Amino acid sequence: MKVIKIGGGCLKDGPAAGKIIKLISKRGEGDVFVLSAFYGVTNILIAGIQKALENEDTIPSVISKLKSLHHTIIKSLIDDGNKRKQLSKDLSKIFQELERYYYGISFTREATPRMKDMIATYGERISAVILSKSLSSMGKQSCCLLPEDAGIITDGKFMDASAIMSKTSKNLTAALDSIITPQKIVFIPGFYGISESGDITTFGRGGSDYSAAVVAASINAEVLEIWKDTQGFMTADPDNIPHCKLIPKLTYEEAAELSYTGAGILHPRTVEPVKKAGIAIAIKNTYNPDAKGSLITKNAHTANKIIKSVSYTADIAVLKIYASGIGARFGILSQITENLTSSGINIRSVVTSQTCISLLLSRKDIEMGHQSIKKIRPRPFEKSSIVTDVALVSIVGEGLQNNRGVAAKCFTAVSDANVNIEMISFGTSTAALYFLIHEDKLDTTINVLHDIFFD
Ligand code: ASP
Ligand code: MG
C-alpha cells in the first residue's frame with residue numbers, strides 16, 4: 001500500500017483539483033491519500049481568527065468567502081446537480097461548526113491555542129470531504145477518515161505537535177484494516193492529530209507533509225509519495241539557476257538539510273518518521289506523473305559527485321551576544337535560549353566562540369528576539385547587536401564532511417568571486433556545510449558554486 005500526500009500547490013483551483021482527481025482515479029485504488037487544504041484556505045482561516053477577535057460582524061464574510069471558494073471548485077469537479085447538492089449539504093454542517101468557533105472567539109474575546117488549532121484544521125477537513133465525494137460521484141469506492149477517528153495521537157503541543165508513533169501505529173493499522181480494500185481510495189486530512197486528552201493539535205504550518213510521513217511509517221507503507229507541481233529536488237533554485245538539474249536520488253539527511261535551507265519541496269520534519277521506518281520518499285510531479293522525480297532513501301551515494309545541491313535562505317538574521325569566556329561560564333547559553341523560547345521565538349541555529357554567541361533567527365523574529373534578551377536580569381552579557389543583511393548558503397551532499405577538498409573548493413570559489421564569508425558552520429551535519437554572506441552577494445555566490453560543482 002502506498003501513502004500519497006497531495007499538497008495545496010496541486011489544489012489551486014477547480015481545474016487543478018480536477019486533474020488530481022483523474023490521476024487518483026487512475027492510480028490510487030487501494031492507497032491512502034493525505035491531503036492539504038485547498039490553496040490559500042489555511043491563511044484565510046487563520047486571518048479569520050484575528051478578524052473575529054476584533055469585530056463579530058466580519059465572521060459572515062469570512063465564512064462566505066470560504067464557501068464560495070470551495071463551491072467554485074466543486075462545480076468544476078462534480079457534474080451531477082443532485083450529487084453536488086448532497087455534497088453542499090454535508091459541507092454546510094462543517095461550515096456551521098466553523099462559524100460557531102468564530103463566534104465563540106468573538107464572544108469570549110479570546111483565541112486560545114486550542115481554539116486556533118481547531119479552526120486551522122478546517123481547510124483539510126473540507127478538502128478531504130470534497131475529494132472523497134468527487135471520486136464517489138464518479139463511481140469509485142472512496143471514503144474519508146479523520147485523524148481523530150483514526151487515532152493519530154500527538155504529544156498535545158498546540159501548533160507544533162509531534163506524533164506519538166507507537167500509539168498512532170497501533171490505532172491506524174486497526175482503523176485501516178477494517179476499511180481498506182484493493183479498490184478503496186482512503187483520504188485522511190493532513191496537518192493535525194489528537195492528543196491523549198482529546199485536543200485537536202496541528203503539526204505546524206506546512207505540516208501535512210509530516211502527517212503523511214507519520215501515516216506512512218505507522219502502517220509500514222511500501223513508499224511515501226509526495227505529489228507536487230514541481231519535478232523534485234534540484235541542484236539549485238531554478239529562479240537563480242535556470243539550467244539547474246533534477247537530483248534523482250538523495251539520502252534522508254540530504255533531503256532534511258535541503259528542506260531546512262529553503263528548497264520548499266518538503267516540510268523539514270517529514271524525513272523523521274519515515275527514516276526510522278526505512279520507507280522511501282518519492283517526489284512525483286503531477287504534470288508528468290510517469291517521470292522518475294526524486295527518490296529519497298538511506299543510501300543514495302553517487303559514484304564521483306559528493307555535492308548534490310546548492311541551496312540558500314534569505315530568511316535569516318544574526319543575534320550577536322558578546323561576553324567574555326563564554327565556554328567557561330555555566331548557563332549563559334541556556335538563559336538566553338530559554339528567554340527566546342518563552343517569547344515564542346524559534347532558534348534556527350547557534351554558533352559560538354569564546355567571546356560571542358551568534359544565534360540565527362528568522363528575520364521576522366530578530367527585533368523581538370533582541371528586545372527580549374535585553375530584558376534578562378541580571379544581564380549575563382556585555383553587549384548585543386543584530387545583523388539582518390545576510391543570507392545563509394549551504395552546499396549539501398552526504399560525505400562532504402569526510403572527503404578532503406570539498407570545503408576548500410567551495411571557499412576558494414567564493415573568495416575568488418570577491419565574496420566575504422561572515423560565518424561558517426561545518427562538521428555538525430554529515431551532509432551539509434553552511435555559511436553566511438552579505439545578502440547582496442547571494443546571486444554571485446550561488447552561481448559560482450553551481451558552476452564549480454555542476455558545470
Ligand atoms: N494547510 C496547512 C498549511 O497551510 C498544512 C499544509 O498545507 O501542509 O500550513
Ligand atoms: Mg505544504
Side-chain angles (χ1 to χ4, degrees), residues 233-247 250-251 253-265 268 301-320 347-363 366 385-455:
F233 281 98
M234 308 297 286
T235 56
D237 183 337
D239 288 344
N240 304 87
I241 314 279
H243 62 283
C244 69
K245 294 198 181 73
L246 176 77
I247 313 173
L250 296 87
T251 64
E253 282 71 19
E254 288 167 343
E257 292 292 354
L258 282 175
S259 306
Y260 173 75
T261 34
I265 303 286
H301 294 292
T302 37
N304 44 21
K305 278 218 170 111
I306 290 169
I307 297 307
K308 296 217 176 130
S309 189
V310 176
S311 158
Y312 71 89
T313 176
D315 177 25
I316 206 86
V318 191
L319 175 53
K320 290 188 162 199
I347 300 167
R348 302 189 58 170
S349 196
V350 186
V351 185
T352 85
S353 73
Q354 286 307 316
T355 53
C356 180
I357 300 172
S358 293
L359 298 153
L360 303 194
L361 310 182
S362 268
R363 266 197 206 170
I366 196 75
S385 64
I386 58 174
V387 188
T388 52
D389 49 3
V390 283
L392 182 70
V393 176
S394 73
I395 56 171
V396 174
E398 191 81 51
L400 68 79
Q401 187 193 38
N402 37 31
N403 275 272
R404 206 149 40 98
V406 181
K409 191 169 163 185
C410 165
F411 294 135
T412 307
V414 174
S415 125
D416 285 351
N418 262 326
V419 177
N420 183 39
I421 294 172
E422 320 238 337
M423 188 186 294
I424 301 172
S425 169
F426 181 39
T428 44
S429 155
T430 57
L433 179 165
Y434 292 96
F435 58 93
L436 282 177
I437 53 160
H438 197 277
E439 175 179 47
D440 289 352
K441 300 284 187 179
L442 185 56
D443 225 36
T444 313
T445 308
I446 300 293
N447 269 285
V448 296
L449 287 177
H450 198 268
D451 277 357
I452 55 151
F453 287 114
F454 299 103
D455 286 345

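The analysis underlying the following values was restricted to heavy atoms, covering all of them including side chains, and did not include hydrogens, waters or symmetry mates. Along the sequence shown, the residues carry numbers beginning at 1. This is a predicted model, so every value here is computed, not measured.
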Straight-line distance of F411 CZ to I421 CD1, nearest 0.5 Å: 4.5 Å

Pairwise side-chain hydrogen bond (donor to acceptor under 3.5 Å, both in side chains) hits with a residue in residues 446-455, at least two apart: T235-H450, H243-D455

Partner residues of Q401 under the side chain to side chain donor-acceptor pair (under 3.5 Å) criterion, sequence neighbours left out: none

Nearest non-hydrogen partners of L442 and I437, listed with the distance: CA-CD1, 3.7 Å

Listed once per pair and sorted, the salt bridge (Lys or Arg N to Asp or Glu O under 4.0 Å) pairs that draw on residues 401-417, sequence neighbours left out: none

Between CD1 on residue I386 and CD1 on residue I366, distance to nearest 0.5 Å: 5.5 Å

Check: Y260 and S394 side chains under 4.5 Å, non-hydrogen atoms: no

Residue pair D315 / R348, side-chain heavy-atom distance below 4.5 Å: yes

T444 versus A417, closest heavy-atom pair with distance: CG2-CB, 4.1 Å

Any residue meeting side chain to side chain donor-acceptor pair (under 3.5 Å) with T445, in chain and number order, not counting sequence neighbours: none

Atom pair OG/CD1 of S362 and I316 - distance to nearest 0.5 Å: 6.5 Å

Contacts of S415 that satisfy side chain to side chain donor-acceptor pair (under 3.5 Å) - sequence neighbours left out: none

Flag side-chain contact, heavy atom, 4.5 Å: V318 against L360: yes

Nearest-0.5 Å distance that lies between atom CG in L436 and atom OG in S425: 9.5 Å

pair L250-V396: side-chain heavy atoms closer than 4.5 Å: no

Residue list, side-chain contact (heavy atoms from CB on, under 4.5 Å) with I347, at least two apart or on another chain: T337, L340, V350, L359, L361

Test log, rule side chain to side chain contact (heavy atoms under 4.5 Å, CB included), inputs I395 and V406: CA-CA 10 Å; I395 56 171; V406 181; 4.2 Å; yes

By ring pair (Phe, Tyr, Trp, His ring centres under 6.0 Å) - contacts of F453 (at least two apart): none

Student check: side-chain heavy atoms of D237 and C244 closer than 4.5 Å: no

Sole candidate of E253, E254, E398 that passes side chain to side chain donor-acceptor pair (under 3.5 Å) when paired with T430: E398

Considering all heavy atoms, the nearest F435-V414 contact: CZ-CG2, 4.0 Å

Atom pair SG/CE of C356 and M423 - distance to nearest 0.5 Å: 7.0 Å

Side chain to side chain, T261 and L392, heavy atoms closer than 4.5 Å: yes

V310 vs I241 side-chain heavy atoms within contact, under 4.5 Å: no

side-chain hydrogen bond (donor to acceptor under 3.5 Å, both in side chains): pairs with one or both residues in residues 433-443, sequence neighbours excluded: N240-D443, E257-Y434, R363-E439, D389-H438

For I247 against S309, the heavy-atom pair lying closest together: CD1-CB, 3.7 Å

Minimal non-hydrogen separation, P268 against S259, with atom names: CA-CB, 3.7 Å

